[in-house]
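Each remark here refers to the structure printed beneath this line.
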Amino acid sequence: MARLRDKVALITGAGGGIGSETARLFAAEGAAVVVNDIAAEAAQAVVDSIQAAGGRAVAAVADISNAAQVDAMFRLAEETFGGADILVNNAFLAVNDVSLTELEEADWDRTLAVSLKGPFLCTKRALPAMRARGGGSIVTLSSVNALWSVGEPAYTAAKGGLISLMRLVAVEYAGWNVRSNVICPGTIATDICMEHWNRFPAGYAKLLEMYPLGRIGTPREVANCALFLASDEAGFVTGTVQVVDGGLMAGRRLEQK
Ligand SMILES: NC(=O)c1ccc[n+]([C@@H]2O[C@H](COP(=O)([O-])OP(=O)(O)OC[C@H]3O[C@@H](n4cnc5c(N)ncnc54)[C@H](O)[C@@H]3O)[C@@H](O)[C@H]2O)c1
């Protein structure tokens, strides 16, 4: 049976990568999907692919760091599908991967505006609407960068902040029957990610060695986790941080010789 039958899911940054895979999976599992992205063509292409497969979807072009645009996106969800039962905070921006002492204030601000304030604005707008519908599920994409340090100060701070914020949501809005969980993926083979690693084959080989499973993940493997957390199967699961990382956070064997 379709695991998201009769549900409406709003997924931010769903024009590509993990978000688009999640949108297609949720639609295949019966959800009507609001496909948000700041990039209109990308969002519409995902909507077209969902509709071509017989699913229900609408594009919602909005910058999630802008409260008025976030409000308009949720109003579109309400007018089109009656509201959202599921919010996936997936969109992010990471401006300029440099060390903390070199990081410009403007790049910190823009990174935090999209990657931390954006999920705050979406969650703030979603919560009362979920309460009115009898509850909901919020799934937020953080990263293993929040759990150990591998550079990217602004992105890391945003992703760490999301874990704390979404635990707070789990505790404070459990009474509204809203669950809130976080996913921390390791490296995932999105198109953008592979475009980068294809230029650095030696670095890519070293990257794979870091993963106990000997490979990086697929967007589908993250989407599968989001599907479980979004669905009623995870009815008693809230306030958790789920790593999807091929064993990376479990550690690595220390060679004794
Ligand atoms: N890919 C990885 O290796 C990886 C690893 C760990 C965590 N993550 C997390 O997973 C999530 C998805 O990552 P991805 O690699 O699939 O990303 P991606 O870059 O492939 O897609 C992100 C999407 O967000 C959209 N976007 C950017 N700014 C926006 C804004 N202001 N408003 C609305 N949409 C906006 C982009 O247009 C893009 O389509 C992110 O939260 C990321 O931090 C990814």
Side-chain angles (χ1 to χ4, degrees), residues 10-25 34-47 59-74 76 87-95 97 109-123 125 138-148 150-152 154-163 165-166 182-197 204 207-208 210-211 215-223 225-226 229 241-246 248-249:
L10 191 157
I11 304 174
T12 67
I18 292 166
S20 61
E21 191 69 19
T22 303
R24 281 189 276 266
L25 179 62
V34 181
V35 177
N36 159 259
D37 209 284
I38 199 169
E41 276 183 27
Q44 191 55 49
V46 174
V47 168
V61 179
D63 176 349
I64 60 157
S65 68
N66 179 306
Q69 292 185 32
V70 167
D71 183 55
M73 171 173 81
F74 276 89
L76 177 74
L87 167 65
V88 182
N89 285 312
N90 168 78
F92 84 110
L93 187 69
V95 186
D97 177 13
D109 285 348
R110 186 65 190 140
T111 300
L112 273 284
V114 177
S115 302
L116 186 56
K117 187 176 103 172
F120 153 67
L121 292 174
C122 292
T123 302
R125 180 60 176 78
I138 300 172
V139 179
T140 299
L141 275 294
S142 176
S143 167
V144 291
N145 286 48
L147 306 176
W148 73 335
V150 280
E152 297 191 271
Y155 176 75
T156 295
K159 293 296 172 180
L162 285 176
I163 293 178
L165 185 66
M166 292 305 156
V182 170
I183 301 176
C184 289
T187 313
I188 303 300
T190 58
D191 292 346
I192 292 173
C193 177
M194 290 318 296
E195 270 169 33
H196 168 82
W197 286 116
Y204 184 59
L207 177 77
L208 299 188
M210 289 169 58
Y211 282 84
R215 65 175 179 87
I216 61 173
T218 65
R220 181 58 182 258
E221 287 170 325
V222 181
C225 184
L229 293 172
V241 177
Q242 177 66 59
V243 292
V244 180
D245 70 346
L248 187 68
M249 289 298 103

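All values below were derived from every heavy atom in this structure, side-chain atoms included, with hydrogens, water molecules and symmetry-related copies excluded. Counting starts at 1 for both ligands and their atoms, in listed order.
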Taking C-beta and beyond as the side chain, do [X] and [Y] meet within less than 4.5 Å on heavy atoms?
X	Y	answer
V222	E21	no
V114	V95	no
L10	T12	yes
R110	S65	yes

Heavy atoms under 4.0 Å from ligand 1: which residues qualify? G13, G16, G17, I18, N36, D37, I38, A62, D63, I64, N90, A91, F92, V114, L141, S142, S143, Y155, K159, P185, G186, T187, I188, T190, I192
Enclosure of D109 CG (heavy-atom neighbours >12, cutoff 6.0 Å): yes
Considering non-hydrogen atoms only, spot the tightest contact between G17 and T190 and give its length. CA-CG2, 3.8 Å
